[in-house]
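First comes the structure, then the notes that go with it.
Because the structure is predicted, anything quoted here is derived from the model rather than measured. All values below come from the heavy atoms of this structure, side chains included, with hydrogens, waters and symmetry mates left out.
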Amino acid sequence: QVQLVESGGGLVQAGGSLRLSCAASGRTFSSYAVGWFRQAPGKERLFVAVVSLTGGNTFYSDSVKGRFTVSRDNDKNTVYLHMSSVKPEDTAVYYCAAAGVYYDYSLPDRTYEYEFWGQGTQVTVST
């Protein structure tokens, strides 16, 4: 079992930066790939980024590639999403999620591949 708690959301101006954190509790955090998803009002939950078991591999959606960076610190059981050059269309509730995988090259990007989810943190980008 893994419990996930997101933090760091808030209001940011377009073009600014924000760092989200996902703190995990439970055993064997390093056995899980951790992804970030976001959901805008009335829209489906969409993949944003994922980091591999060791943090050595990452994958991003086209909409955030080059602007967002995902990383993890397994000693602190925490995953980060650094958001830069944010745009109003980045406004959403951001969720982190954990997927049990065996290989460091496994980078799941579908919601059904993830077993555990946090409660979400709101990010609002103003113009």
Side-chain angles (χ1 to χ4, degrees):
Q1 193 81 358
V2 176
Q3 293 81 41
L4 303 171
V5 178
E6 303 93 337
S7 62
L11 178 64
V12 59
Q13 282 192 327
S17 298
L18 201 64
R19 189 181 78 165
L20 306 183
S21 298
C22 173
S25 59
R27 299 185 301 169
T28 62
F29 173 66
S30 59
S31 298
Y32 293 86
V34 178
W36 287 94
F37 291 78
R38 65 187 182 186
Q39 188 167 21
K43 301 287 184 63
E44 63 180 323
R45 191 169 297 188
L46 298 176
F47 168 76
V48 173
V50 58
V51 61
S52 67
L53 300 176
T54 65
N57 295 296
T58 56
F59 178 61
Y60 300 90
S61 68
D62 288 344
S63 61
V64 307
K65 195 178 301 180
R67 299 188 299 121
F68 291 10
T69 301
V70 60
S71 61
R72 68 189 294 164
D73 184 336
N74 284 342
D75 290 336
K76 297 182 178 179
N77 279 10
T78 303
V79 171
Y80 305 98
L81 182 69
H82 186 260
M83 308 166 60
S84 62
S85 302
V86 296
K87 305 174 182 180
E89 51 263 44
D90 294 323
T91 295
V93 177
Y94 283 72
Y95 299 89
C96 66
V101 297
Y102 292 107
Y103 303 108
D104 198 48
Y105 55 74
S106 296
L107 298 167
D109 62 353
R110 307 297 174 91
T111 55
Y112 64 80
E113 297 179 282
Y114 286 82
E115 303 159 60
F116 306 105
W117 291 82
Q119 83 291 345
T121 185
Q122 175 70 47
V123 172
T124 303
V125 181
S126 64
T127 55

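Follow the hydrophobic side-chain contacts under 4.5 Å out from Tyr94 and you never reach Leu4; the two are in separate clusters. One hydrophobic cluster holds both Leu18 and Phe68 under the rule that ILVMFWY side chains link at heavy-atom gaps under 4.5 Å. Hydrophobic clustering (side-chain heavy atoms under 4.5 Å, transitive across Ile, Leu, Val, Met, Phe, Trp, Tyr) keeps Leu53 apart from Val51. Residues Trp117 and Val93 fall within the same hydrophobic cluster, defined by Ile, Leu, Val, Met, Phe, Trp and Tyr side chains chained together at heavy-atom separations under 4.5 Å. Note: the hydrophobic cluster containing Val34 does not contain Tyr80 (ILVMFWY, side chain heavy atoms under 4.5 Å, direct or indirect links).
Proximity of a side-chain donor or acceptor of Gln13 to a complementary backbone N or O of Ser126 within less than 3.5 Å is not detected. Side chain of Ser84 to main chain of Arg67: a donor-acceptor pair is present (N/O by atom type, distance under 3.5 Å, no hydrogens or angles). Although no hydrogens or angles enter the test, the distance criterion places no donor-acceptor pair under 3.5 Å between the side chain of Thr78 and the main chain of Ala23.
Summarising the geometry, atom CZ belonging to Arg72 is positioned 7.0 Å from atom OG belonging to Ser30; distances are rounded to the nearest 0.5 Å. For the atom pair OG1 of Thr69 and CE of Met83, the computed distance is 11.0 Å after rounding to the nearest 0.5 Å.
Annotation: side chain of Arg38 is in contact with side chain of Ser63 (closest heavy-atom distance under 4.5 Å). Residues Val79 and Phe29 meet the side-chain proximity criterion, which asks for heavy atoms closer than 4.5 Å.
For Asn77, there are no side chain to side chain donor-acceptor pair (under 3.5 Å) partners, not counting sequence neighbours.
Pairing each heavy atom of Thr54 with each of Asn74, the nearest pair is CA-ND2, 4.3 Å. Considering all non-hydrogen atoms of both residues, Gln1 and Phe116 come closest at OE1-CE2, 3.6 Å. The two residues Val70 and Tyr60 have their closest heavy-atom pair at N-OH, 2.9 Å. When all heavy atoms of Ser17 and Val12 are compared, the closest pair comes out as O-CG2, 3.7 Å. For Pro88 against Val125, the heavy-atom pair with the smallest separation is N-CG1, 3.6 Å. Heavy atoms only, all atoms of each residue included: Val50 and Ala33 are closest at CG2-CB, 4.3 Å.
Between Ser52 and Asp104, the side chains place a donor N or O and an acceptor N or O closer than 3.5 Å (distance only, hydrogens not considered).
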- Message: Between Gln119 and Glu6, does the side-chain contact (heavy atoms from CB on, under 4.5 Å) criterion hold? Intermediate values first, please.
- Response: CA-CA 7 Å; Gln119 83 291 345; Glu6 303 93 337; 2.9 Å; yes
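Taking 4.0 Å as the cut-off between side-chain N and carboxylate O, Lys87 and Asp90 do not count as a salt-bridged pair.
Residue Tyr114 forms a ring pair (Phe, Tyr, Trp, His ring centres under 6.0 Å) with just one option from Tyr95, Phe37, Tyr32, Phe47, and that option is Phe37.
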